[in-house]
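Input: a single structure, listed below in structure tokens.
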Amino acid sequence: MVYFVDSGSWPRVHAAGVVFYLQAVFLSGLAGPQSLRLLAVMSFKGINTYNAEELQGLYLEFLAYLDEARVKWVRVGYLRRLAGLGSQMVRCQEVPDVEAVVGSEGFPCSRDQQKPRYVVSHPWMSPAHPDPGGEKLQKLVEQLNLLGASDHEAVFVDYMGLPQHDAQDPDLQRLDGESRWPKPGEHPAVRTEAEELLFKRALGSFEKLYSVAGVRVIVLPMSGRLAAGQDYMSRGWCFLEFCLAYSFGNIGNREVDPDVERLCGIASDLKANTVKGFRKAFQRTHFTCSGDEAVVLRLFEQTLRKKAVVRRSLEIV
């Protein structure tokens, strides 16, 4: 199966690793230095195909990543109970241990086997909380029901799966307004130092959740509920996640949600699973954070090295 195709003569590069690099590029914002945007375009030309053996190797790396970052998967039954109470999503730190599965627990050893897991791609409804009114939680449960998910299966939602600040805390909002955001562990509403470390580890390979993992992705575009210019496909992170899931055949709810099927049609028209199409389309997206050029350059070099390491390890075996 071909995931990304390019007719250029660039060397084959680790697709997930390239996107790992692209995260940092995207975090720089489209208004960032021209060198970053150029580097993003150049790096994407290196994406090509992978055989089954390579994908299995990357899948095993993904399982190790889940354990290292202690990524949390919330049980479907818990989400159903929250939705039944008319509640909103809770922070990762507030999810009861009994209602979650941590790391790679419950995953099969083979990438080709069915996985009792789902990953959610969604636009945050506000800067302080992804779903302050609880309507997205209701939509998620609706999609899980349509997909026949059991209570014991589990879901990754960034807000519930990775340590979060409590941005709804009034005192933290006051400090933020005064440009005095606390350091990790200095305020009860911010991540502790240990939580900050796990968060950074998770973000470092975040793209694997939507690509090489082969996990079903539930897309929640929340059409008609977002302000003009803030729709799902105009947001950089959402667009990246969608294109990865679309290109790797991981979108799990396209057949049960007309909005998601419509987005797949848009991606097809844009040829967003090709280098040229993605490059053109992502120029219309926007990002809210800024990145560091030195970090981007390091990640790019690391990406090239990683592909060589994958090749050598397969040759040794």
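The minimum heavy-atom distance linking Pro182 with Leu175 is given by the pair CG-CD1, 3.8 Å. In plain terms, the two heavy atoms of Val190 and Pro184 that are nearest each other are CG2-CA, 4.4 Å. In plain terms, the two heavy atoms of Ala189 and Arg91 that are nearest each other are O-NH1, 4.2 Å. Summarising the geometry of Ser121 relative to Cys238, their closest heavy-atom pair is OG-O, 4.2 Å, with the distance given to 0.1 Å. The minimum heavy-atom distance between Leu137 and Ala83, with the atom names listed, is CD2-N, 3.8 Å. For His122 against Val120, the heavy-atom pair with the smallest separation is CD2-CG1, 3.8 Å.
A donor-acceptor pair under 3.5 Å links the side-chain atoms of Lys115 to the main chain of Arg111, judged by distance alone. The closest donor-acceptor contact from the side chain of Gln56 to the backbone of Cys109 lies under 3.5 Å. Judged purely by atom type and a 3.5 angstrom limit, Lys136 has no side-chain atom pairing as donor or acceptor with the backbone of Leu220. At distances below 3.5 Å, not a single donor-acceptor pair connects side-chain atoms of Glu196 with backbone N or O atoms of Arg191. No donor-acceptor pair under 3.5 Å is formed between the side chain of His187 and the backbone N or O of Trp181. Judged by distance alone, with hydrogens and angles left aside, the side-chain atoms of Tyr246 form no donor-acceptor pair with the main-chain N or O of Glu241 at under 3.5 Å. In this structure, Asn250 contributes its side chain and Val217 its backbone to no donor-acceptor pair below 3.5 Å.
The distance from the NZ atom of Lys208 to the CG atom of Leu58 is 7.5 Å, given to the nearest 0.5 Å. Between Ser205 atom OG and Glu68 atom CD the span is 8.0 Å, to the nearest 0.5 Å. Lys200 NZ to Leu162 CG: the interatomic distance, rounded to the nearest 0.5 Å, is 14.0 Å. From Met125, atom CE reaches atom CD of Gln88 across 12.5 Å, with rounding to the nearest 0.5 Å. Rounding to the nearest 0.5 Å gives a distance of 11.0 Å between SG of Cys264 and CG of Asp259. Separating the CG atom in Leu55 from the CG atom in Leu60 is a distance of 11.0 Å, to the nearest 0.5 Å.
Between Gln93 and Pro163, the closest side-chain pair of non-hydrogen atoms falls below 4.5 Å. No side-chain heavy atom of Asp176 sits under 4.5 Å from any side-chain heavy atom of Gln173. Under the 4.5 Å side-chain criterion, counting only non-hydrogen atoms from C-beta, Val90 is in contact with Val95. Glu94 has its side chain out of reach of Gln164: every pair of non-hydrogen atoms, C-beta onward, lies at least 4.5 Å apart. For the pair Asp67/Ser104, a side-chain contact is recorded, criterion being any heavy-atom separation below 4.5 Å from C-beta on. In this structure, Trp73 and Glu153 have side chains that are not in contact, with every pair of non-hydrogen atoms separated by 4.5 Å or more. When side chains are defined from C-beta on, Pro221 does not count as touching Phe242, because their heavy atoms never get closer than 4.5 Å. When side chains are defined from C-beta on, Met160 counts as touching Leu82, because their heavy atoms get closer than 4.5 Å.
Residues Met233 and Val119 fall within the same hydrophobic cluster, defined by Ile, Leu, Val, Met, Phe, Trp and Tyr side chains chained together at heavy-atom separations under 4.5 Å. One hydrophobic cluster, built from ILVMFWY side chains closer than 4.5 Å, holds both Trp124 and Leu79. Taken together through direct or relayed side-chain contacts under 4.5 Å among Ile, Leu, Val, Met, Phe, Trp and Tyr, Val157 and Tyr78 form part of one hydrophobic cluster. A chain of hydrophobic side-chain contacts below 4.5 Å, direct or via other Ile, Leu, Val, Met, Phe, Trp or Tyr residues, connects Leu63 to Val101. No chain of hydrophobic side-chain contacts below 4.5 Å, direct or via other Ile, Leu, Val, Met, Phe, Trp or Tyr residues, connects Tyr232 to Leu140.
Considering only residues two or more places apart in sequence or on other chains, Asn253 meets the side-chain contact (heavy atoms from CB on, under 4.5 Å) condition with Gln143, Leu147, Ile218, Val219, Ile251, Val256, Asp257, Val260. Applying the side-chain contact (heavy atoms from CB on, under 4.5 Å) rule to Gln114 yields the partners Arg216; only residues at least two apart in sequence or on another chain are considered. Evaluation of the side-chain contact (heavy atoms from CB on, under 4.5 Å) rule for Asn145 yields Arg80, Val141 as partners, not counting sequence neighbours.
Using cut-offs of 30° and 60° for the angle between ring planes, the Phe107 and Tyr59 rings count as tilted. In this pair, Phe62 and Tyr65 present their aromatic rings tilted. The plane angle is within the 30 to 60° band.
The 12-atom threshold is exceeded at CG of Asp269, counting heavy atoms of other residues, nucleotides or ligands nearer than 6.0 Å. The environment of Glu193 atom CD is sparse: at most 12 non-hydrogen atoms of other residues, nucleotides or ligands sit within 6.0 angstrom.
The existence of a salt bridge linking Glu135 and Lys139 is excluded, since no basic side-chain nitrogen approaches an acidic carboxylate oxygen closer than 4.0 Å. A salt bridge between Arg75 and Glu99 is absent, with no side-chain N of the basic residue lying under 4.0 Å from a carboxylate O of the acidic one.
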Handout entry: Steps toward side-chain contact (heavy atoms from CB on, under 4.5 Å) verdict (Val215, Leu209)
Key = CA-CA 7 Å; Val215 178; Leu209 288 158; over 6 Å; no

Problem - Criterion side-chain contact (heavy atoms from CB on, under 4.5 Å) on Arg262 and Ser223, from CA distance to verdict - result: CA-CA 11 Å; Arg262 177 180 59 82; Ser223 303; 3.4 Å; yes

